[in-house]
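Report on one structure; see the data block that follows.
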Amino acid sequence: MVGKFNKIKLLLIVIIFLLTLIIPITFADQVIVNSQDWRDVYTGMMFAKLNSHSGQYIIDEGHGLLMQDNLVKNKDVIVIESVNSPYIKNFNTNLETKGHKTTVNFVEENYNLEIAKTLDVDGYIIIDDRYSYNAVSVSPYAIRKNYYVLFANEDNIAEVKEIIDSKDSTNILIYGFVDRIVTNELSVYNPIIINKGEKFSNNLEILKMFVDEFGANQLIITNGAFLEPQFFLSNNPVLFIGTTNVPDQTISYLQNSDVKHALLIGYDVFDNAVSLKSKVGMKIIVKFAKGVDSKQYALDIYELPQVKYNIGISS
C-alpha cells in the first residue's frame, strides 16, 4: 500500500513538473503614474489594466517614496511621468537605485489620445473630462468589456474620429454630457448613448448594463469625487450615492436586485450608506485604510476636480 502511494506521489510530481514546462510563467509589468493631472492618472491606470499590468499612482512625495520600497522585485516598472507636473521628478532614478528595471514614458498634453493609438481594444467609451466623476462611473464596465475611455470635446473630436477609424472595432458608448459636435460626429458609428440628465441616473444606467451582462455579487459605493484603485477592478460596478441623500431610483433598483453586498470606499458618504443598508437590506463593508507590511496607511485617494459651472441671468 505504501509503495502504491509513493508511485502516485511520484506521478503527481512528474505531472506538475511537466506543466511548468508547458505553461509559460509570465510576469506582468508594474505601472506607476507620477502626475498631478488626474487625466494622466486615470489614463495610466486604464493603460495598466487593459494590458494586464498592475497599476499604482503617486498622490504625494511621501507616498511615492513609500511605494518604491514595496514594489515586486522581479517585475519591470513602467513609469508614466508628467513633464510639467510630476510629484517626484525623474522618479525612475529612485527606482533604479533600488534595483528595479524601469521604462519611462514622459507625457505632456493629449496623453489620453496618445495611449489610445497603442491599444488593441474592442470599443470606446466617450466622456467629457470636465465631468471627472463620469470617468469613475464607467471604469469597471470599460475594463470588463476591454473598452478604452476617451476624453472627447469640440477641440479634439477630429483626432478622436481618426483613432476610432484606424481600429477594427467601432463599438461606441457616449456617456454623460458631451459637446453637441461630439455626438453629431460620432453618430455615424450608431453609438449607445447614456445621458439621463444627471450623474446619479447615468450611473445607475451603466450599473444596470454591467449587472445585466456580467452579473455582480457586490457593488462599490462612492460619490464620484475621487479615484481609488478599487474602481479599476472589473468584477464590481460602481454605485454613486450622494452625501446627503440616496436617489429614489437607486433605492428602487436595489430593492428589486439580487445584489446585496457592497464595499464603501472611505467615509465621505458613510451616513447615506447606513441609510441605504436599512432601506435595501444590503450588507456593507467599509474600506477605510490599506495594509502594508502589517501597518495601516491611508487609502490611495486621488481627489478629482469639481465641475465648474458658468451661470448667468439671461432675463
Side-chain angles (χ1 to χ4, degrees), residues 30-33 38 41-42 44-46 48-49 53-60 62-64 66-67 69-72 87 132-144 149 199-200 203-204 206-207 210-211 214-247 250-251 253-254 257-306:
Q30 302 170 99
V31 175
I32 297 177
V33 189
W38 79 269
V41 173
Y42 186 87
M45 291 296 286
M46 288 292 298
K49 296 304 179 180
H53 301 321
S54 64
Q56 300 181 72
Y57 48 81
I58 297 173
I59 58 176
D60 57 46
H63 176 253
L66 174 66
M67 181 187 297
D69 292 325
N70 292 285
L71 293 171
V72 180
Y87 279 107
S132 55
Y133 50 77
N134 286 339
V136 175
S137 185
V138 302
S139 291
Y141 186 80
I143 295 168
R144 188 66 175 266
V149 179
K199 77 173 187 178
F200 295 106
N203 169 252
L204 189 57
I206 196 76
L207 185 148
F210 188 106
V211 174
F214 308 111
N217 296 319
Q218 179 175 270
L219 306 175
I220 305 298
I221 297 179
T222 184
N223 60 2
F226 56 84
L227 297 178
E228 205 274 339
Q230 196 81 33
F231 303 152
F232 295 94
L233 302 180
S234 61
N235 52 336
N236 300 312
V238 168
L239 172 69
F240 284 170
I241 64 174
T243 55
T244 57
N245 72 304
V246 181
T250 299
I251 293 173
Y253 172 76
L254 292 176
S257 169
D258 293 330
V259 183
K260 298 301 180 185
H261 295 84
L263 179 65
L264 172 64
I265 307 297
Y267 283 110
D268 290 353
V269 292
F270 178 78
D271 291 339
N272 274 336
V274 172
S275 173
L276 183 68
K277 176 182 178 181
S278 63
K279 292 178 180 179
V280 179
M282 180 173 284
K283 296 179 180 179
I284 298 177
I285 299 173
V286 181
K287 181 181 178 181
F288 61 90
K290 66 175 184 177
V292 179
D293 293 336
S294 301
K295 298 179 182 178
Q296 281 193 354
Y297 294 91
L299 294 176
D300 296 339
I301 298 295
Y302 197 106
E303 299 292 340
L304 293 174
Q306 300 299 307

- Here the pair of heavy atoms bringing S257 nearest to V259 is OG-N, 3.0 Å
- If you round to the nearest 0.5 Å, how far is OG1 of T243 from CG of D271? 10.0 Å
- Task: Quick one: list whatever passes side-chain hydrogen bond (donor to acceptor under 3.5 Å, both in side chains) with Y42, sequence neighbours left out.
- Result: S139
- Query: In Å, rounded to the nearest 0.5 Å, how long is the span from CG of N245 to CD1 of I251?
  - Reply: 8.5 Å
- Approximate separation, where rounding is to 0.5 Å, of I301 CD1 and T222 OG1: 7.5 Å
- Are side-chain heavy atoms of L304 and Y133 found at a separation under 4.5 Å? no
- Query: For the residue pair A273 and I284, what are the closest heavy atoms and their distance?
  - Reply: O-CD1, 3.2 Å
- Message: Y253 vs V211, test: side-chain contact (heavy atoms from CB on, under 4.5 Å). Steps then yes/no.
- Response: CA-CA 12 Å; Y253 172 76; V211 174; 3.7 Å; yes
- Message: Please find the pair of heavy atoms, one from A216 and one from P237, that lie closest to each other, and give the distance.
- Response: CB-CD, 3.8 Å
- Message: So V269 and L264, do their side chains get closer than 4.5 Å, heavy atoms only?
- Response: yes
- side-chain hydrogen bond (donor to acceptor under 3.5 Å, both in side chains) involving K287 - partner list, sequence neighbours excluded: E228, Q230
- Contacts of type side-chain contact (heavy atoms from CB on, under 4.5 Å), residue V274, not counting sequence neighbours: F270
- Between I221 and L276, is any pair of side-chain heavy atoms under 4.5 Å apart? yes
- Task: Just do the side-chain contact (heavy atoms from CB on, under 4.5 Å) check on I32 and I58 with the steps written out, would you?
- Result: CA-CA 7 Å; I32 297 177; I58 297 173; 4.0 Å; yes
- Message: Could you tell me if the side chain of N223 sits less than 4.5 Å from the side chain of F240, heavy atoms only?
- Response: no
- What is the distance from atom CD of Q30 to atom CG of L71, rounded to the nearest 0.5 Å? 5.0 Å
- Message: Please enumerate all residues that pass side-chain contact (heavy atoms from CB on, under 4.5 Å) together with I285, with sequence neighbours excluded.
- Response: L263
- Just how far is it from atom CE of M282 to atom CD of Q218, taken to the nearest 0.5 Å? 9.5 Å
- Query: Name the one of F231, F232, Y302 that satisfies side chain to side chain contact (heavy atoms under 4.5 Å, CB included) with M45?
  - Reply: F232
- Taking all atoms of both residues into account, what is the closest heavy-atom pair of S137 and N203, and its distance? OG-ND2, 3.0 Å
- In Å, rounded to the nearest 0.5 Å, how long is the span from CE of M67 to CG of D300? 6.0 Å
- Task: Decide yes or no for K260 and L254: does some side-chain heavy atom of the first lie under 4.5 Å from some side-chain heavy atom of the second?
- Result: no
- Item | With sequence neighbours excluded, residues passing side-chain contact (heavy atoms from CB on, under 4.5 Å) with P140 | F210, V238
- Item | Contacts of type side-chain contact (heavy atoms from CB on, under 4.5 Å), residue N272, not counting sequence neighbours | I241, V246
